[in-house]
Number of protein chains: 2
Amino acid sequence: MAAKYSNQSRYTVAVDCIVFGYDGQNLKILLVKRALTPLKGRWSLMGGFVAKNESADQAASRILASLTGLKDVYQEQFYTFTDPGRDSQERTISIAYFSLIDIKKYKEFISDAYHAEWFSIKDFPNLIFDHEEMVKTAKKRLQYKATSHAILFELLPDKFTLPLLQSLFEDVYESSFDKGNFSRKMLSTGLLLKQRDKDKTGSKKGAYFYKLDRKNYQQNLHKILKLVPNPNSIL
Amino acid sequence: MAAKYSNQSRYTVAVDCIVFGYDGQNLKILLVKRALTPLKGRWSLMGGFVAKNESADQAASRILASLTGLKDVYQEQFYTFTDPGRDSQERTISIAYFSLIDIKKYKEFISDAYHAEWFSIKDFPNLIFDHEEMVKTAKKRLQYKATSHAILFELLPDKFTLPLLQSLFEDVYESSFDKGNFSRKMLSTGLLLKQRDKDKTGSKKGAYFYKLDRKNYQQNLHKILKLVPNPNSIL
DNA sequence: GCAAAAGTGTTAGAGATACACCCATGT
DNA sequence: ACATGGGTGTATCTCTAACACTTTTGC
């Protein structure tokens, strides 16, 4: 073992995940009932400590998988919370991640071990520590990022309709867009593959399904040009 | 003292600062010769440990002030580096910040205690640990942020000319913009106050000085509309 | 007068907005 | 047939890009 930095403080390092989902109506977040003391039983974000031989990214994946059973989920580190008093138990640094998951895939793997529940981002219970601030910051970051990166697809099933995609954007930006312009711009990105079948649950005419063109997706994450009409006035 | 989380690992937590400056020609970063073992004497970012009663933001300010003497500097936390092996001495989490300072103000307060030196972002020495990755990430983040937020002013003196501002943008984006369009767009933000005097050092005609309208600045940080011509193709 | 850099003007084209209209289908 | 939501068409307007042109001043 190598020598150590002497006379320096050491702190526990945690990861907390803001898990976003979309049920077709509202943007939601996944909350759990805390299993640890202190504040056992109170609602909180899904979190855990960073173990000895893993990075924070790995910790976030591990923790999300233990809750949802899902792997290869879109996750992004967005901010590290370090206020000395943020955790009442002992000083803990928390590296916060947001995750975007398809709410239906989650249901396949649901585990009751954590008493997890979805809440609308507009109406959720009080959370422990600084977790409410984390949610706020995560939402802002999601809005900011999604103006220029095609990431909101991660919240939808493999097959989705344009009206559904639009309502997701509208919910994320708490705003409403012209459907004609939205579809034209969306299709002009070249990211969508039109399917043969339609979704008839929402209307009589039915709306075509689309899939994401995953081949081009990686390179084109940034090819959302001006889907959000006036990003500067919103953000 | 409160009870502790038992059986959890604890790590030293550091802050590292990528300090950006602009000398009128090139975007630069400030590097120091490392004072600690291991790797004493090698070039590195300015950094330090987060002390018991301060947040990471406070630590970053303290560390920057100790190096440059400057306070109230623009600083932004942008990423936390957590690879288990990133520090060869012992496992250390590093919360990275970038700072934007007026290179001339720094000179007033220069302290030789740290053997600090400015290097072009395009040509700087090998750095310890993962500090080169930090610089890369910081530069990308600066580029990304500055497409939609008026922060590059922080790199300039109080009074500056449009040509200087433009050359800064060009250097940050490694690209060149049309001067006519640049000045029209820049002035249309309403962020600049034209001064009476001109800078005659750069040309015979002389270029008017401008100041930032600090009253509106806070609210209008985001009012950079499309100063960078094709951000999506660059970023 | 000429060179050099600052700054203004202009035009063609692209893209955005708003809104009207058409389409497909279940009842 | 008609109501409903999906989807298309289009006129107008604004913004951008490109580049030509004018201005100012030192030499």
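All values below come from the heavy atoms of this structure, side chains included, with hydrogens, waters and symmetry mates left out. Just so we're on the same page: letters track the sequence lines, and every chain starts at 1. Owing to the predicted nature of the structure, the values given are computational and were not obtained by experimental measurement.
Relative ring orientation between A/Tyr173 and A/Phe177 is described as tilted, the plane-to-plane angle lying within the 30° to 60° band.
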Q. Could you write nucleotides 18-27 of chain C as a row of B, S and -, 5' to 3', where a protein heavy atom under 4.0 Å of any base atom gives B, of only sugar-phosphate atoms gives S, and otherwise -?
A. BB---BBBS-
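When the C1' atom of C/dA5 is taken as reference, atom CG of B/Leu162 falls 13 Å away, rounded to whole Å. C/dA5 atom P lies 14 Å from atom CD of B/Gln166, rounded to whole Å. If you measure from atom CZ of B/Phe209 to atom C1' of C/dG7, you get 16 Å, rounded to the nearest angstrom. Here D/dT14 presents its C1' atom at 14 Å from NZ of B/Lys185, a figure rounded to the nearest Å. Spacing between atom CG of A/Leu187 and atom P of C/dG15 amounts to 15 Å, rounded to whole angstrom units. Per the geometry, CZ belonging to B/Phe177 stands 18 Å off C1' belonging to D/dC19, to the nearest Å. D/dG6 atom C1' lies 16 Å from atom CZ of A/Phe160, rounded to whole Å. In this structure, the CG atom of B/Leu164 is 10 Å from the P atom of C/dA6, given to the nearest Å.
Between B/Phe209 and B/Phe160, the distance separating the two ring centers is not shorter than 6.0 angstrom.
Crowding of B/Tyr208 atom OH: a count of heavy atoms from other residues, nucleotides or ligands under 6.0 Å not exceeding 12.
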**Q.** B/Trp43 vs B/Phe124, ring-ring contact (aromatic ring centres under 6.0 Å, His included): CA-CA, chis, key distance, verdict
**A.** CA-CA 9 Å; B/Trp43 289 104; B/Phe124 57 88; over 10 Å; no
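Contact detail for B/Ala59 and B/Val15: the closest heavy-atom pair is CB-CG2, 4.0 Å.
Applying the side-chain hydrogen bond (donor to acceptor under 3.5 Å, both in side chains) definition to pairs two or more places apart or across chains, those involving residues 125-135 of chain B are B/Arg86-B/Asp130.
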